[in-house]
Amino acid sequence: MLCRAGQIRRCAASLSQTINQVAASRQKHTLPDLTYDYGALEPHISAEIMQLHHSKHHATYVNNLNVTEEKYQEALAKGDVTSQVALQPALKFNGGGHINHTIFWTNLSPNGGGEPQGELMEAIKRDFGSFQKMKEKMSAATVAVQGSGWGWLGFDKESGRLRIAACANQDPLHGTTGLIPLLGIDVWEHAYYLQYKNVRPDYVKAIWNVINWENVSERLQTAKK
């Protein structure tokens, strides 16, 4: 009996060591590089805002996500369900912040603005009546976000149609609504306050001038697969 108990303890210790090794070898999340300079989106978004937003705010989400995931792995290894549950809000917030911003940077381009082309434009006309109506509807939903959050153009895979949604805080669109994110507008104050102060509508109006419609179109094609 003692021999069997010893085997169980050794097996448990080996399993715990394996889990810890996997956790240690897990590739950590990193801050993605931008494909343009911080000042490339001026005058619509200032270089100062872009620098702070990317190198400070997004970096903080990445760092906190890595720390939270390490704690979560430790809780898993220990079978500590209480700690796993307690860590869920931090995973959602920092994981969502990383996901959202990674999409956001690619949605923007110094060569952006104008109108989308091809299949994306046809889908917009089909689901909203016109590009202008889509812009108005998404702008209104984004400006209306209470406190901090995001406005989104998403793809509903079940219906095959485009939809507009708003998410609070850093809630990720896909994880909370099921919609696949195509275009996101960040309306946390750190995204615009230094330049637009408390006039969120002016920021939302200006950001359309740097929207990377090629990226949005690519995301639609991927979402439809």
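- A salt bridge is defined here as a Lys NZ or Arg NE, NH1 or NH2 lying under 4.0 Å from an Asp or Glu carboxylate O, and Asp156 with Arg161 fails to meet this definition.
- Residues Tyr203 and Gln195 form no side-chain contact, since every pair of their non-hydrogen atoms from C-beta on lies 4.5 Å or further apart.
- Sequence neighbours left out, the pairs with a member in residues 129-148 that pass ring pair (Phe, Tyr, Trp, His ring centres under 6.0 Å) are Phe131-Trp213.
- The shortest side-chain heavy-atom distance between Pro172 and Asn100 falls under the 4.5 Å cut-off.
- Remark: the His53 side chain and the Asp186 side chain contain an N/O donor-acceptor pair separated by less than 3.5 Å.
- Under the side chain to side chain contact (heavy atoms under 4.5 Å, CB included) test applied with Asn94, the options Asn64, Ile99, Val62 reduce to a single match, Asn64.
- Side-chain heavy-atom separations under 4.5 angstrom define the hydrophobic clusters, and the remaining members of the one that includes Val81 are Val85.
- Proximity of Pro116 to Ile124: side-chain heavy atoms (C-beta onward) are separated by under 4.5 Å at one or more points.
- Within 6.0 Å of CD on Glu214 lie no more than 12 heavy atoms contributed by other residues, nucleotides or ligands.
- Looking only at side-chain heavy atoms (C-beta outward), Leu52 and Leu194 come within less than 4.5 Å of each other.
- Taking 4.0 Å as the cut-off between side-chain N and carboxylate O, Glu70 and Lys28 count as a salt-bridged pair.
- Between the side chains of Asn212 and Asn107, not a single donor N or O lies within less than 3.5 Å of an accepting N or O.
- Screening Trp150, Trp188, Trp152 for a ring pair (Phe, Tyr, Trp, His ring centres under 6.0 Å) involving Phe104 leaves a single residue, Trp150.
- Relative orientation of the His101 and Trp105 rings is tilted, given thresholds of 30° and 60° on the angle between their planes.
- Remark: Lys135 NZ is packed, more than 12 non-hydrogen atoms of other residues, nucleotides or ligands lying under 6.0 Å away.
- Looking only at atom types and distance, the side chain of Thr177 has no donor-acceptor partner in the side chain of Arg163 under 3.5 Å away.
- Counting Ile, Leu, Val, Met, Phe, Trp and Tyr side chains that sit under 4.5 Å apart, directly or through other members, Val199 stands alone, with no cluster partners.
- Side-chain atoms of Ser55 and Gln51 include a donor-acceptor pair closer than 3.5 Å.
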